[in-house]
Engineer: 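To start, I am sharing the structure in question, which I have written as structure tokens.
Protein chains get the first letters and strands the later ones, always in sequence-line order, with residue 1 at the start of each.
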There are 2 protein chains.
Amino acid sequence: MKALRKQRGPRPGSIARVPGIDYGGLDDLLGYALRRAQLAGFEAFHRATAGVDITPPRYTALIFVGANPGLSQTDLGAALGTARSGAMLLTNWFEAHGLAERRRRNGDGRAWGLYLTARGRVLIAKLARRVRAHDAAFAGRLAARELVQLKKLLGKLAG
Amino acid sequence: MKALRKQRGPRPGSIARVPGIDYGGLDDLLGYALRRAQLAGFEAFHRATAGVDITPPRYTALIFVGANPGLSQTDLGAALGTARSGAMLLTNWFEAHGLAERRRRNGDGRAWGLYLTARGRVLIAKLARRVRAHDAAFAGRLAARELVQLKKLLGKLAG
DNA sequence: CCGCGAATGTTATATAGCACTACAATCTGA
DNA sequence: TCAGATTGTAGTGCTATATAACATTCGCGG
């Protein structure tokens, strides 16, 4: 079980607008506007998880496991939108860091059930608090009414 | 100069909502809503560039080079929000595919200036048309007024 | 109850994308 | 003229994916 201290990975690259550069019509694309806003959101996440070696997919996966005890790796992959093999690598990482564990489920000798460890629960509780706070701060760039509207529109786009 | 035919990479994973799974409060996060919407936008881009081995960062970089002839790799990296080394890899790829080239700039023996080749200009013209069309189709999930509002709000978030 | 197809996890392999470090060449300004 | 900044580059490594092949196990139709 390795330590979970330093955040090593790359900083989340926000794309600051560079003055004097011609954006060649990119600004008119909804997709580009979404990307820029989302990178800003990643920064909020990054600040929230500073000092902990976690990443967005890892965080999402831990939340899923915490909220759905006994989840199988296949179902975790489906919820994340990734292949089974990716869910397995994530699970390996969680076990190596003592955050979650595989346990045999009653009926099925193939599937594992995933469960947070005590340590995982503590970490998720702490992180979720910080992530929510930073997300709220990020969302605070908008008025409350605007935020409601934005979420509605984003929901329409995501289908 | 390699061919530029098939798109090899992974499909852009949208995250379909999985029924029966508890999302553990993730839905309340603005960052998560942004991510989902942006992945849907990536799919539109993917459809627009089907059959061509291009990716969002490559496309963005080509647009930048086209709109800013003589751009240095450092400035390209800054505009993309990535490290210089990434801009160099992109540039290598462009040269290998005959889309852009490095040319010495007048005063400075260190920096290269980046320029689209004729082939790069043709490709970008064709792609930009398709990308705009698919972006418009994607944005068409919203009413015109909603779209204006959304872009305004996204702009606020991206700062 | 048997056997076959489906599901599950796993292993192995590959790729894109990106960061960081260290370095050589070049520029710039005191 | 020289010290420090800038630029491109090479090398290395890690995350996040995907795909294919495989063994185990399950479930069901006969």
Engineer: Would you kindly check whether a donor in the side chain of B:R110 faces an acceptor in the base of D:dT6, or vice versa, at under 3.5 angstrom?
Structural biologist: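 Yes, the side chain and the base share a sub-3.5 Å donor-acceptor pair.
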Engineer: Does CZ belonging to A:R104 count more than 12 external heavy atoms closer than 6.0 Å?
Structural biologist: yes
Engineer: Quick one: is C:dG17 close enough that its OP1 or OP2 comes under 4.0 Å of any side-chain N or O from B:W93?
Structural biologist: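 Result: no.
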Engineer: Would you confirm whether B:Y23, through its side chain, and B:V18, through its main-chain N or O, come within 3.5 Å as a donor-acceptor pair?
Structural biologist: yes
Engineer: Give a yes/no answer on whether the side chain of A:R58 brings an N or O atom under 4.0 Å of OP1 or OP2 in D:dA16.
Structural biologist: yes
Engineer: Under 4.0 Å: is that the gap between some side-chain N or O of A:T74 and OP1 or OP2 of C:dG9?
Structural biologist: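 Yes, such a contact exists.
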Engineer: Tell me: CG of A:L114 to P of C:dT8, nearest whole Å?
Structural biologist: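 Going from A:L114 (CG) to C:dT8 (P), I get 13 Å.
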Engineer: Confirm from the modelled atom types if B:S85 and C:dC20 form a donor-acceptor pair under 3.5 Å, side chain to base only.
Structural biologist: yes
Engineer: To the nearest Å, give me how far apart CZ (A:R84) and P (D:dT19) are.
Structural biologist: 11 Å
Engineer: CZ of B:F42 versus C1' of D:dT17: gap in Å, rounded?
Structural biologist: 14 Å
Engineer: Which is more 5' along DNA chain C, the nucleotide nearest A:M88 or the one nearest A:D108? Just name the residue.
Structural biologist: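 Comparing both residues, the 5'-ward one is A:D108.
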Engineer: So A:L90, base contact, sugar-phosphate only, or nothing? Heavy-atom distance under 4.0 Å.
Structural biologist: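 Touches nothing.
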